[in-house]
Amino acid sequence: MAAIELKNLSKVYDNKVTAVNNADFVINDKEFLVLVGPSGCGKSTLLRMIAGLEDISSGELFIDGMKVNDIAPKDRDIAMVFQNYALYPHMSVFDNMAFGLKMRKFPKDEIKNRVAEASKTLELDNYLDRKPKALSGGQRQRVAIGRAIVRQPKVFLFDEPLSNLDAKLRVQMRIELKELHSRLQATMVYVTHDQIEAMTMGDRIVVLKDGIVQQIDTPLNLYNNPQNLFVAGFIGSPTMNFIPGLIDTKGSGELVFGEMRIQLPESQKEKLLEKGITDYVLGVRVEDVYDLNVENGKSLPGGYAATIDAVEPLGSEIYLYVQCHKLKLCLRTAPDRQYERGQIIHVSFNADKLYFFSQKSGDRIL
């Protein structure tokens, strides 16, 4: 397998639109790295630059220590799996998987052995004589992955391969792809706009916005230590709650949002005041917003009055969408409580799990 090194890689189109701006990081040997971000952030363009399907405007790209800027895609020893499978409808599963090897004039025995090994790994043994139209979406995706596996490339590239599958099948295929990575010990780069896919599959995740890398880290570090407002809001479902406000520097040092005053821990308050910034955005995850209505439906002391706008029961948990002092919040509660739209509850926050961002730059503070 191989490591991939991107050195200030950029892509600027003829209309002066910058799709990727100075991407600079290393994809480690045998790593499963996920590129994630909203539509139009440059993740697929970056993947296609690695594949050689998009020209590099500036910067350098190395695969296994070799500079490949001017090397043709067929000579980069990579295999790519596309969103739409890209199977030949008139060919059998066997012929689809073997096509690339036949074009490279591999011996028939080796082609047969490689296809047999890949089909066994992907549980396609019973479908080798079928045409793609006789397969389910998940089986077609397995064929597309098998076609990549038989190549035995240095690098596997996946461009939103699960987007066309239903929700249940996506979960199944996520598990299968991770198991496949473990068995092959291959370098894999995976593009998705689905942050849940990214969190569950990646060894590390690259978060992109407007062609710029926002943060590179492990899934848990991205979730627990986002570097800016964008990462904090993009990673996590439902998204993090954001409360813009001012620090009352002359009074109690509370965070003020309209009529709401949030008392900060003394250590955090001192550090924030030391920064000399008064305009902040407070971030808090849905699991760190609490419902204080826990005794016979009566409000306990403390917290902030909130009106329930919507209730989402998910079986193992309930998500409440509430309005609190003209501020919309989401919180997670236990499934054994009864809620309804219009109900008044009182909410509070876990003071040890608060995030602070600059309103001006969006950067994380503290």
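Since we're looking at a predicted model, the values are computed, not measured. By convention here, the first residue in the shown sequence is residue 1.
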Novice: Scan residues 6-35 for pairs that pass ring pair (Phe, Tyr, Trp, His ring centres under 6.0 Å), counting only residues two or more places apart or in two chains.
Specialist: F32-H181, F32-Y190
Novice: Would you tell me whether Y85 and N164 have side-chain atoms, one donor and one acceptor, within less than 3.5 Å of each other?
Specialist: no
Novice: Any side-chain to backbone donor/acceptor pair from N28 onto L33? Under 3.5 Å, distance only.
Specialist: no
Novice: Hey, is CG on D336 packed in by over 12 heavy atoms from elsewhere, all under 6.0 Å?
Specialist: yes
Novice: Can you tell me if R151 uses its side chain to pair, donor with acceptor, with the backbone of I78 under 3.5 Å?
Specialist: yes
Novice: Using 0.5 Å steps for rounding, measure from the OH atom of Y127 to the CZ atom of R140.
Specialist: 13.5 Å
Novice: For K102, I'd like to know if atom NZ has over 12 heavy atoms of other residues, nucleotides or ligands within 6.0 Å.
Specialist: yes
Novice: Hey, any chance I235 and I196 share a hydrophobic cluster, counting ILVMFWY side chains that come within less than 4.5 Å of each other, even indirectly?
Specialist: no
Novice: Is there a donor in the side chain of D129 and an acceptor in the side chain of S92, or the other way round, less than 3.5 Å apart?
Specialist: no
Novice: Transitively linked via ILVMFWY side-chain contacts under 4.5 Å: V20 with V213?
Specialist: yes
Novice: Testing the basics here: between G146 and A118, what is the closest heavy-atom pair and its distance to 0.1 Å?
Specialist: O-CB, 4.2 Å
Novice: For the CD atom of E197 and the CG atom of L162, what is their distance to the nearest 0.5 Å?
Specialist: 4.5 Å
Novice: Are more than 12 heavy atoms, taken from residues, nucleotides or ligands other than R183, located less than 6.0 Å from that residue's CZ atom?
Specialist: yes
Novice: Where do M97 and L124 land on the side chain to side chain contact (heavy atoms under 4.5 Å, CB included) test, with the steps shown first?
Specialist: CA-CA 11 Å; M97 293 173 66; L124 291 171; 4.3 Å; yes
Novice: Please work out whether the ring planes of F349 and Y304 are parallel, tilted or perpendicular, with thresholds of 30° and 60°.
Specialist: tilted
Novice: Between D203 and K30, is there a salt bridge with N-O shorter than 4.0 Å?
Specialist: no
Novice: Test of understanding: with ring pair (Phe, Tyr, Trp, His ring centres under 6.0 Å), list the residues that count as partners of F62, not counting sequence neighbours.
Specialist: none
Novice: Name the orientation class of the two ring planes belonging to Y355 and F357 (parallel below 30°, tilted from 30 to 60°, perpendicular beyond 60°).
Specialist: parallel
Novice: Only one of L320, V322, I308, V311 clears side chain to side chain contact (heavy atoms under 4.5 Å, CB included) with Q343; which?
Specialist: I308
Novice: Using a strict threshold of under 4.0 Å (side-chain N to carboxylate O), is an ion pair present between R142 and E123?
Specialist: no
Novice: Do the side chains of I149 and L135 join up, straight or via other hydrophobic residues, at under 4.5 Å, putting them in one cluster?
Specialist: yes
Novice: Is it the case that atom CD in E317 sees more than 12 heavy atoms from other parts of the structure closer than 6.0 Å?
Specialist: yes
Novice: Please round to the nearest 0.5 Å and tell me the distance separating atom CG of L354 and atom CZ of R285.
Specialist: 12.5 Å
Novice: Drop me the distance from D75's CG to D77's CG, to the nearest 0.5 angstrom.
Specialist: 9.5 Å
Novice: Drop me the distance from K43's NZ to L47's CG, to the nearest 0.5 angstrom.
Specialist: 11.0 Å
Novice: Check this for me: does any side-chain nitrogen of one of R76 and D64 sit under 4.0 Å from a carboxylate oxygen of the other?
Specialist: no
Novice: Just how far is it from atom CD of E179 to atom CG of L184, taken to the nearest 0.5 Å?
Specialist: 11.5 Å
Novice: Regarding Q214 and N228, is there a side-chain donor-to-acceptor distance under 3.5 Å anywhere?
Specialist: yes
Novice: Can V286 be reached from V347 by stepping across I, L, V, M, F, W or Y side chains whose heavy atoms are under 4.5 Å apart?
Specialist: no
